Amino acid sequence: MSETERLTLAEAEARVAAACRRAGASPAAAVSLARATISAEAGGNTPVGLSHLIDYLAALREGRINGGAEPVITSPAPALIRSDADGGIAQFGFDLAFDDLVGKARSLGLALFAQRGSFTSGELGYYPFRLAQKGLVSLAFTTGPALLTVEGAARPLYCTNPLAFAAPAGADGPLLIDQASSSTAYVNIRSAAERNETIPLGWAVDSQGHPTTDPHEAMRGALLAFGGSRGANIALMVEILASGLSAANW
């Protein structure tokens, strides 16, 4: 029987950063990814915490993430910061722009950070939460590969297209809302498939567009939007804001 080892958050971050470096991440990118990973894990959002780190490490080793990426940060307008992540992780580009983003928001009253060319964003709420800790109200949107369809269809049209909102809330800490446009996150479908468990009706359809409780069939089909057309409308809005506005992958 293996013994359980208790780590402080700082110790856990250090170990995650070391694992990221061994997988091919630069020291700075490793720190960014470790901080975001442990933040999600400590906050109870485990699907995008340590369990999701496995996906990052595999992608680094396989070259799907550019471990030595050097994000290009530009400011084409006074209130706009644009980042080309160079095929690296989203958290690194955000970290590089963070202080300038906070400064622009405070001095101009409004600021926009737009990034493209990165691997998955991980926990989307992580980004506005950090801004709320600086006293700012913020919204975040992201998109990715098509996984989500609309009712009556089978072909995926959108990613899960989450949105997140955070605002300062005094001594209780920031208020954070972080939700996908889909009825559930894709990682929950994958987890159910690994455990050979069924999923609730309304989460997904099979490859023919029929409702399914089989996670394996769901992975061959598509996720469904929450709330029918209302959720699909939000997915479309997120797609426009995350991809259309930033000139990222549509």
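The structure displayed is predicted, hence computed values, not measured ones.
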task: Following the transitive rule for hydrophobic clusters with a side-chain heavy-atom cut-off under 4.5 Å over Ile, Leu, Val, Met, Phe, Trp and Tyr, establish whether Leu157 and Leu148 coincide in one cluster.
output: yes
field: Asn188 side chain near Pro215 side chain, heavy-atom distance below 4.5 Å
entry: no
task: Taking all heavy atoms of Lys134 and all of Arg106, pick out the closest pair and write down the distance.
output: O-NH2, 2.7 Å
query: Got more than 12 heavy atoms from elsewhere within 6.0 Å of CG, Leu9?
result: no
Whether Thr212 side chain and Asp214 backbone form a donor-acceptor pair below 3.5 Å: yes
- line: Here the pair of heavy atoms bringing Val205 nearest to Ala153 is CG2-O, 4.1 Å
- prompt: Do any pairs count as a ring-ring contact (aromatic ring centres under 6.0 Å, His included) and have a residue in residues 55-96, sequence neighbours left out, and if so which ones?
  reply: His52-Tyr56, Tyr56-Phe119, Phe94-Phe98, Phe94-Phe113, Phe94-Tyr127
Sidechain-backbone polar pair: Ser51 side chain, Thr46 backbone, donor-acceptor under 3.5 Å: yes
message: Tell me whether Lys104 contacts the main-chain N or O of Leu80 through its side chain, where contact means a donor paired with an acceptor under 3.5 Å.
response: no
message: Tell me whether Arg230 at atom CZ has more than 12 heavy atoms from other residues, nucleotides or ligands lying less than 6.0 Å away.
response: no
- line: Taking every heavy atom of Ala69 against every heavy atom of Pro71, the minimum-distance pair comes out as O-CD, 3.6 Å
- request: For Cys20 and Leu57, run side-chain contact (heavy atoms from CB on, under 4.5 Å): C-alpha distance rounded to whole Å, both residues' side-chain angles, the deciding distance at 0.1 Å, then the answer.
  value: CA-CA 6 Å; Cys20 293; Leu57 296 179; 4.2 Å; yes
- prompt: Do side-chain atoms of Ser39 reach the backbone of Arg35 as a donor and acceptor pair under 3.5 angstrom?
  reply: no
message: Using only atom types and a distance under 3.5 Å, with no angle test, would you say the side chain of Asp178 pairs donor to acceptor with the backbone of Ala164?
response: no
- prompt: Are Leu163 and Val187 co-members of a hydrophobic cluster defined by side-chain heavy atoms under 4.5 Å apart?
  reply: no
Can you list, pair by pair, the side-chain donor-acceptor contacts under 3.5 Å of residues 218-227, counting residues two or more places apart and other chains?
unit_1	atom_1	unit_2	atom_2	d
Arg220	NH2	Glu217	OE2	2.8

query: When you look at Arg130 and Asp95, which way does the salt bridge (Lys or Arg N to Asp or Glu O under 4.0 Å) test go after all the steps?
result: CA-CA 10 Å; Arg130 285 183 56 191; Asp95 282 348; 2.5 Å; yes
task: Ignoring hydrogens and angles, tell me if any N or O in the side chain of Ser183 forms a donor-acceptor pair with the backbone of Gly202 under 3.5 Å.
output: yes
task: Keeping the roles fixed (side chain from Glu41, backbone from Leu50), state whether a donor-acceptor pair exists under 3.5 Å.
output: yes
Rounded distance [0.5 Å steps], CD1 in Ile81 versus CG in Leu101: 4.5 Å
field: Interatomic spacing from OG in Ser121 to OH in Tyr126 - rounded to 0.5 Å
entry: 12.5 Å
- request: Treating Ile, Leu, Val, Met, Phe, Trp and Tyr as nodes and any side-chain heavy-atom pair under 4.5 angstrom as an edge, say whether Leu96 and Ile65 lie in one connected cluster.
  value: yes
query: Are Tyr158 and Ile240 joined in one hydrophobic group, where the rule is that I, L, V, M, F, W and Y side chains link up if heavy atoms are under 4.5 Å apart?
result: yes
statement: Closest non-hydrogen contact found for Leu201 with Pro211 is CD2-CB, 3.9 Å
- prompt: Can you check whether Ile73 reaches Ser83 side chain to side chain, under 4.5 Å on heavy atoms?
  reply: yes
statement: Rounding to 0.5 Å, atoms CZ (Phe129) and CD1 (Ile177) come to a distance of 13.5 Å
Shared hydrophobic cluster for Ile89 and Val31 (ILVMFWY, side-chain gaps under 4.5 Å): no
message: Does Arg155 have more than 12 heavy atoms from other residues, nucleotides or ligands lying within 6.0 Å of its CZ?
response: no
- prompt: Roughly how far, to the nearest 0.5 Å, is the OG atom of Ser118 from the CG atom of Asp84?
  reply: 9.5 Å
field: Whether Gln115 side chain and Ala90 backbone form a donor-acceptor pair below 3.5 Å
entry: yes
task: Taking Asn161 for its side chain and Ala235 for its backbone only, find out whether a donor-acceptor pair lies under 3.5 Å.
output: yes
message: On a heavy-atom basis, which atom in Ile38 and which in Ala12 lie closest, and how many Å separate them?
response: CD1-CB, 3.7 Å
field: Atom pair CG (Leu241) and CG (Leu236), whose distance is rounded to the nearest 0.5 Å
entry: 9.5 Å
query: Which heavy-atom pair separates Ala58 from Arg64 by the least distance, and what is that distance?
result: C-NH2, 4.0 Å
query: Is there a donor-acceptor pair under 3.5 Å between the side chain of Thr8 and the backbone N or O of Glu11?
result: yes
